[in-house]
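In what follows, a structure is listed as structure tokens, so that the remarks can point back to it.
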Amino acid sequence: MEIGGLVAEGNSLIGWDAGPQTPTEILNRLELLQQVTDNIPPYVWRDYAGIDPRRR
């Protein structure tokens, strides 16, 4: 049984999966993390992480 997941803490979002990963699987995981990040409202970033990643 393989276990993976996502965790958000502060201004960090981490995704992982058990076992070795192919480059395609890594790119898919990064795309998923980007989609999650893009759907977090700006006020959540400001209120809980102290940043707004849309402002660089």
Taking the side chain as every heavy atom from C-beta outward, state whether Leu32 and Asn28 have any atom pair closer than 4.5 Å. no
Do Asp38 and Gln34 get their side chains close enough for a donor-acceptor pair, meaning under 3.5 Å? yes
Shortest non-hydrogen pair, Val7 vs Trp16, comes out as CG1-CZ3, 3.8 Å
In the structure I gave you, are the side-chain heavy atoms of Leu6 and Ile14 within less than 4.5 Å of one another anywhere? no
Report yes if the side chains of Asp17 and Glu25 come closer than 4.5 Å at any heavy-atom pair, otherwise no. no
